[in-house]
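Chain naming here is simple, since letters A, B, ... match the order of the sequence lines and numbering starts at 1 in each.
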Amino acid sequence: MAADIERIRHSFAHVMAEAVQHLYGGVKFGIGPAIQDGFYYDFLFPKPVAEEDLRAIEKEMRRIIAQDQIFVREEVTKEQAKELFRDQPFKLELIEGLEEGTISIYRQGDFVDLCRGPHVESTRELKPDAFTLKTLAGAYWRGDETRPMLTRIYAYAFASKAELEAYLKMLEEAEKRDNRRLGKELDLFSTHEEAGAGLIYWHPKGGRFRVALEDWWREEHYKNGYEILFTPHIGKSWLWETSGHLGFYKENMYSPMKIDEDNYYIKPMNCPFHIMIYKSQTRSYRDLPLRWAELGTVYRYERAGALHGLMRVRGFTQDDAHIFCTPEQIEGEIEEVLRFSLSMHKTLGFKEIKAYLATKPKGDGAVGDPARWEQATESLRKAIEKEGLAYEIDEGGGAFYGPKIDLKVKDAIGREWQLTTIQFDFNMSERFQIEYIDSDGQRKRPYMVHRALLGSIERFFGVYLEHTAGAFPLWLSPEQVAVIPVAPLFDEYVKEVTAILKGKGIRATAMLSEERMNAKIRDAQNQKIPYMVILGQREKDDRTVSVRLRTGGQENGIALDAFVARVLEKIETKALDL
RNA sequence: GCCCCUGUAGCUCAGUUGGCAGAGCAUAUCCAUGGUAAGGAUAAGGUCAACGGUUCGAUUCCGUUCGGGGGCUCCA
């Protein structure tokens with residue numbers, strides 16, 4: 001976020017606080033920072049506030065802005081600050097946390113706030129029509145559940161009215177693409193509260209997408225030197241005690257079920273199972289690298305409030321893989337994973353991809369040899385640079401068990417989504433004591449890398465729905481061709497053409513209902529079916545087809561054979577156009 | 001779990017300042033001879049989320065519970 005827009009947003013936040021102070025005597029102030037698309041401020045209100053009250057606050061803010069109030073910075077001692085904010089418990093707590101020395105405060109109008117700044121010079125620099133108060137939300141003081149809950153007012157704010165309007169338009173577009181909405185409109189999936197929250201039911205059309213995606217995924221993995229595994233959905237407590245999950249991951253695991261005299265847990269991760277296969281025999285350095293992939297379905301507990309359509313669920317299928325390799329191989333392996341991931345994203349049509357490298361956490365919570373952390377982190381960094389990816393380093397942001405790279409893709413309306421994650425795992429390899437015999441006859445510990453390229457099939461489906469607005473590329477479209485007669489008289493030719501297309505493996509549907517042609521075209525268009533083939537007397541006589549494209553194009557009198565060849569070619573090459 | 005919003009037909013939503021519940025789409029039946037985004041008619045479809053309370057009377061007002069959405073937290 002550029003410094004000037006941050007300054008504007010933060011200044012807006014102070015103006016909102018001033019407005020709230022005018023309208024609600026006795027209000028206590030939390031904090032009010034600038035955020036990605038605006039700002040918020042946390043308040044403890046003396047009486048309940050409702051959404052309708054936001055309009056009054058906005059009005060007061062506009063009145064303040066019109067007064068051309070100057071933002072004045074002052075520096076005071078800690079003692080003076082405590083005196084100044086004696087009625088503001090949250091501010092006092094913040095002051096306590098500050099280092100000794102002078103503390104800066106900002107005044108505008110009759111409002112004063114503890115603040116590092118900077119701010120704009122005057123409210124004149126804030127455009128009264130470049131912000132809007134969005135929602136009320138609850139937020140714990142300092143994000144801590146055990147602390148009081150404050151009322152947070154979120155707002156969108158920009159430097160100009162035009163930017164605000166463009167942003168609101170993007171949000172409107174995002175709402176139209178909402179995965180839950182498209183899932184219903186395109187009959188792809190559903191969820192059923194009465195049958196269990198956060199569990200996805202894939203309908204026939206969603207199933208067609210998934211099969212096409214997974215078939216491709218498996219094919220690509222074989223091409224890239226992976227083997228595909230299938231492992232159980234449950235495992236005895238021994239497995240989870242050994243892996244450590246019952247220690248550090250238990251709150252995300254479901255209660256065990258008793259089988260004979262043992263407790264079995266449904267799996268939240270696939271790693272321990274892959275390790276069991278690794279340990280099923282003595283491994284030589286000649287066997288490495290091992291690249292083992294699995295579309296592994298896992299179940300994790302998520303709090304009810306966190307569940308969201310396809311994006312956050314309780315049961316999902318990871319496109320998981322584990323790579324076991326020697327230290328000499330690690331650099332090449334990481335490069336390969338990254339290259340593989342990028343090639344998949346490219347095929348799927350994502351153009352902008354950014355990497356986030358998370359390094360070793362501070363303190364002594366991290367497991368594993370520091371030299372290995374060093375080598376692992378270095379291999380990640382090198383791979384990113386080799387691919388020429390834009391990246392950011394999240395210093396100390398890695399898990400306790402290893403450094404990682406996450407890749408985020410930018411979607412069609414500019415939002416970023418995390419799909420790929422590539423993580424080293426020093427913990428599991430230690431706990432299960434996995435080894436290989438090196439060329440010198442010594443037992444050594446291989447590197448273990450955990451990776452998911454799409455993340456999970458469910459979440460990817462959600463992201464892809466929102467990215468494409470449901471207009472999937474041909475090869476992933478549940479229905480690829482809708483075959484429509486001009487009138488019932490041509491049903492026979494429609495059936496014949498449909499049969500030919502299906503015979504070639506093309507997902508074609510004959511639309512033979514009583515509806516009129518226009519209605520069928522409308523239905524097919526709304527279902528985002530890529531090709532609509534319209535057949536009447538002319539086409540029947542010449543053995544041609546008239547093709548209407550989902551994108552609005554129209555091509556008449558194409559020879560049937562030529563059309564079939566073209567569709568097959570577009571599917572084969574996974575073309576993004578029609 | 002907590003804060004705010006919300007719950008009317010399969011779907012999208014009206015509506016009742018407390019007096020027998022409405023539309024469009026979808027569904028079913030019938031009618032309709034044909035060229036690129038909805039042909040027409042009829043029918044069926046509801047314990048107005050559930051349970052209490054106030055009232056002559058509650059879908060409407062109040063309370064509780066259960067869902068859904070947006071946040072906090074977490075992350076694939």
With a 3.5 angstrom cut-off on both distances, give the Watson-Crick or G-U wobble partner of [N], or none if there isn't one.
N     : answer
B:G1  : B:C72
B:G63 : B:C51
B:C30 : B:G40
B:A14 : none

Nearest-Å distance once atom [atom1] is located in both [N] and [M]:
N     : M     : atom1 : answer
B:A43 : B:C48 : P     : 23 Å
B:A9  : B:C5  : C1'   : 24 Å
B:A14 : B:U54 : P     : 32 Å
B:A49 : B:U60 : P     : 8 Å
B:U59 : B:U47 : P     : 13 Å
B:C30 : B:G22 : P     : 29 Å
B:U55 : B:A23 : C1'   : 31 Å
B:G15 : B:U8  : P     : 14 Å

Between [X] and [Y], is the gap from one ring center to the other below 6.0 Å?
X      : Y      : result
A:F209 : A:W216 : no
A:F350 : A:H467 : yes
A:F461 : A:W202 : yes
A:Y167 : A:Y156 : yes
A:F248 : A:F400 : yes
A:F426 : A:Y401 : no
A:W292 : A:Y226 : no

Separation of [N] [atom2] from [X] [atom1] (nearest whole Å):
X      : N     : atom1 : atom2 : value
A:L182 : B:U12 : CG    : P     : 13 Å
A:M269 : B:C74 : CE    : C1'   : 13 Å
A:E185 : B:A37 : CD    : P     : 20 Å
A:D42  : B:C3  : CG    : C1'   : 11 Å
A:N518 : B:G34 : CG    : P     : 11 Å
A:L150 : B:C4  : CG    : P     : 13 Å
A:Q527 : B:A38 : CD    : C1'   : 14 Å
A:D491 : B:U33 : CG    : P     : 15 Å

[options]: which one has an atom nearest the side-chain heavy atoms of [X]?
X      : options             : answer
A:Q537 : B:A76, B:G35, B:G71 : B:G35
A:R180 : B:G69, B:A37, B:A32 : B:G69
A:M149 : B:C3, B:A76, B:C11  : B:C3

Would you kindly check whether a donor in the side chain of [X] faces an acceptor in the base of [N], or vice versa, at under 3.5 angstrom?
X      : N     : answer
A:R516 : B:A37 : no
A:Q423 : B:A76 : no
A:E514 : B:G39 : no
A:R459 : B:A76 : no
A:Y140 : B:G1  : yes
A:E515 : B:A38 : no

**Message:** Donor-acceptor check, side chain of A:T468 to backbone of A:Y464, threshold 3.5 angstrom: yes or no?
**Reply:** yes
Which part of the nucleic acid does [X] contact within heavy-atom distance under 4.0 Å: base, sugar-phosphate only, or nothing?
X      : value
A:D319 : nothing
A:R152 : sugar-phosphate
A:A519 : sugar-phosphate
A:E251 : nothing

**Centroid under 5.5 Å and tilt under 30°, A:Y154 to B:G71** = no
**Item:** 5'-most by nearest nucleotide on RNA chain B - A:K404 or A:G536
**Value:** A:G536
